[in-house]
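Computed over heavy atoms, backbone and side chain alike; hydrogens, waters and symmetry mates excluded. Quick note on labels: first sequence line is chain A, next is B, and so on, each numbered from 1.
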There are 2 protein chains.
Amino acid sequence: MSVPPKADGGTAVPRRRAGRPSNAVLDRAHITTAALGIVSERGYPALTMAALARQLGVSPSALYNHASSKQEVLQWVQERVMSGVDSTGFGRVPLREALRRWARSYRDVFAEHAPLIPVVAVLPVAGSPRTLRMYESVAEGLSTEGWHPERIVPAIVALESFIFGSALDATAPLDILDPGQHASALPVFAGALEAQRATGAGPADTAFELGLDALLTGLLGAGEAGQESGRESPPA
Amino acid sequence: MSVPPKADGGTAVPRRRAGRPSNAVLDRAHITTAALGIVSERGYPALTMAALARQLGVSPSALYNHASSKQEVLQWVQERVMSGVDSTGFGRVPLREALRRWARSYRDVFAEHAPLIPVVAVLPVAGSPRTLRMYESVAEGLSTEGWHPERIVPAIVALESFIFGSALDATAPLDILDPGQHASALPVFAGALEAQRATGAGPADTAFELGLDALLTGLLGAGEAGQESGRESPPA
DNA sequence: ACCTGAACACCGTTCAAGT
DNA sequence: ACCTGAACACCGTTCAAGT
């Protein structure tokens, strides 16, 4: 569908001459798709305006007819990425379970797009309809369960903070907490690290599940709540 | 004390000629102090190797005799910044209170140094003795209260994730959640936002305190804050 | 309106030359 | 060992010129 300018009978690169093309080559959707292609194939460090232009077969300056800055391109990418977050549980499964699905998918999505986190954490959400609709779903879920209105936004923000922090943590090397030569000076921590290691569970996943459980319990109460979800819970 | 080469009888900038100076001008401590000076006066975007060199009165390339990269300089800054985190409560005040002081100071410190978060979240901690000592204090605090060893590290990581996420959130504009023109399509969320606003409390602070309370309750149990050991949690 | 190509003002980093 | 100064390979972004 992407109407790439086909080679004009030769074998050379399909170079365009200067001047306005008869039909526009670029638009927001194509730029976003190309950006995501680069990111998934070569990672965020490879996402430069030059690389993006190259992927699209245009010169870098052409991008500035559509985006006013690289930041804006990143916002488009974020909006697209948000579609991977699962907000479908609210109103359909017990609240605790809906929140759990939402939080897990949200964290998984941003673990794959960690460099977006510092951007989106500070970005006015008015520019992202998808994010706003997500907030509405969560707010409905809480409201239906009788939450006081003024407690809803802080709860969402608190969960989101935990989710973003956990997504960053998920990108850390497995041995990030290794104390190295200092181990002997830190007996309790070193022992705890070894004990965790011995469980064989991924440290980031374990921490996320423990924290999410704690947060949900603290926010919703410890009740029998949603019939405890699918994944395993940490051992006693 | 910093032995700046005095002007040699003239009024011009005290420029050094090439060649090894009789006593070294730079060291890790001075570089770190200069970096923090730039950050506190002009923010992280102003912290370039060129600006740092200028602040220290050397040429940019001189920095590479001491640091192998800008990343390394940022690690020195992080190590220094960690001294602002309060881990003194463990073993001296009730655990819940010690954790609360620790978390608050940790979040406040990194709210002032948000650009460090993506760096430190992924950095092997072996390079930061101060961070390791902090972990040991927290681990001791949990261990003393009877926590199972394998649960200690996940709890610390979960708290840290929430703290980092909250520190990022604390740097967001106050109206970041404003739905703008979409408000009418999001009645529940918009209402919740207005209700929160009406309380007059800062949204980031409110979310942090709510989340911290929830997390501590979920982790420690809802008890009178004292010696709840590990697992169970009382009423709804 | 929307493209090219040249140019700009930066970045972090390297390296020969100096003492 | 530790500095200077020139140079390199990038960045994102601007803008005149073209159609």
Side-chain angles (χ1 to χ4, degrees), chain A residues 2-6 8 12-31 34-35 38-39 42-77 115-116 118-119, chain B residues 2-6 8 12-31 34-35 38-39 42-77 115-116 118-119:
Chain A
S2 60
V3 202
K6 272 294 162 207
D8 53 336
V13 184
R15 276 227 153 279
R16 209 178 354 268
R17 288 197 355 280
R20 182 190 184 200
S22 37
N23 44 7
V25 202
L26 298 179
D27 60 34
R28 182 177 303 198
H30 284 90
I31 294 174
I38 292 171
V39 163
R42 297 187 281 136
Y44 274 90
L47 182 57
T48 66
M49 294 300 268
L52 186 51
R54 196 169 201 289
Q55 181 91 354
L56 289 159
V58 298
S59 80
S61 53
L63 295 168
Y64 290 87
N65 289 304
H66 303 267
S68 67
S69 66
K70 182 180 178 179
Q71 270 269 338
E72 191 170 351
V73 174
L74 290 178
Q75 293 180 35
W76 299 343
V77 171
L116 288 181
V119 178
Chain B
S2 60
V3 203
K6 272 296 164 205
D8 54 336
V13 184
R15 277 226 154 280
R16 213 180 347 272
R17 291 200 350 279
R20 183 190 187 201
S22 38
N23 43 8
V25 202
L26 300 179
D27 59 34
R28 182 177 303 197
H30 282 91
I31 294 173
I38 291 171
V39 163
R42 297 188 280 137
Y44 273 89
L47 182 57
T48 65
M49 294 300 267
L52 187 51
R54 195 168 201 290
Q55 180 93 352
L56 288 159
V58 298
S59 79
S61 53
L63 294 168
Y64 290 86
N65 289 304
H66 303 266
S68 66
S69 67
K70 183 181 178 178
Q71 270 269 340
E72 190 169 352
V73 174
L74 290 179
Q75 293 182 35
W76 299 344
V77 170
L116 288 181
V119 178

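Take B/Arg54 and apply the side-chain contact (heavy atoms from CB on, under 4.5 Å) test, not counting sequence neighbours, and it matches no residue. Applying the side-chain hydrogen bond (donor to acceptor under 3.5 Å, both in side chains) test to A/Ser69 and every residue at least two apart in sequence or in another chain returns nothing. In this structure, the ring pair (Phe, Tyr, Trp, His ring centres under 6.0 Å) partners of A/Tyr44, at least two apart in sequence or on a different chain, are A/His113.
Using a 4.5 Å heavy-atom threshold, the side chains of A/Val73 and A/Leu47 count as separate. Under the 4.5 Å side-chain criterion, counting only non-hydrogen atoms from C-beta, A/Val39 is not in contact with A/Val77. Using a 4.5 Å heavy-atom threshold, the side chains of B/His30 and B/Asp27 count as touching.
A straight line from CG of B/Leu56 to P of D/dC3 spans 10 Å, rounded to a whole angstrom. If you take CZ of A/Arg54 and P of C/dG5, they are 14 Å apart, rounded to a whole angstrom. If you take CG of B/Leu63 and C1' of C/dC11, they are 14 Å apart, rounded to a whole angstrom.
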Name the pairs: protein N/O against N/O of nucleotides 12-19 of chain C, kept only if under 3.5 Å.
residue, atom, partner, partner atom, Å
C/dG12, OP1, B/Lys70, NZ, 3.1
C/dG12, OP2, B/Met49, N, 3.0
C/dT13, OP2, B/Tyr64, OH, 2.7
C/dT13, OP2, B/Lys70, N, 2.8
C/dT13, O5', B/Tyr64, OH, 3.3
C/dG18, N2, B/Gly19, N, 3.1
C/dG18, N2, B/Gly19, O, 3.4
C/dG18, N2, B/Arg20, N, 2.4
C/dG18, N3, B/Gly19, N, 3.3
C/dT19, O2, B/Arg20, N, 3.0

Show which side-chain atoms of residues 57-68 of chain A pair as donor or acceptor with protein atoms under 3.5 Å away, not counting sequence neighbours.
residue, atom, partner, partner atom, Å
A/Ser59, OG, A/Ser61, OG, 3.3
A/Asn65, ND2, A/Ala62, O, 3.4
A/Ser68, OG, A/Glu72, OE1, 2.8

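In this model, the phosphate group of C/dC3 is not approached by any side-chain N or O of A/Arg16 to a distance below 4.0 Å at OP1 or OP2. Between C/dA1 and A/His66, no contact under 4.0 Å exists linking OP1 or OP2 to a side-chain N or O.
Helical stems in DNA chain C, defined as runs of 3 or more consecutive Watson-Crick or G-U wobble pairs with both donor-acceptor distances under 3.5 Å, are listed by first residue as C:4-8 with D:12-16, C:12-16 with D:4-8.
Once rounded to the nearest 0.5 Å, the distance linking CZ of A/Arg28 with CD1 of A/Ile31 reads 9.0 Å.
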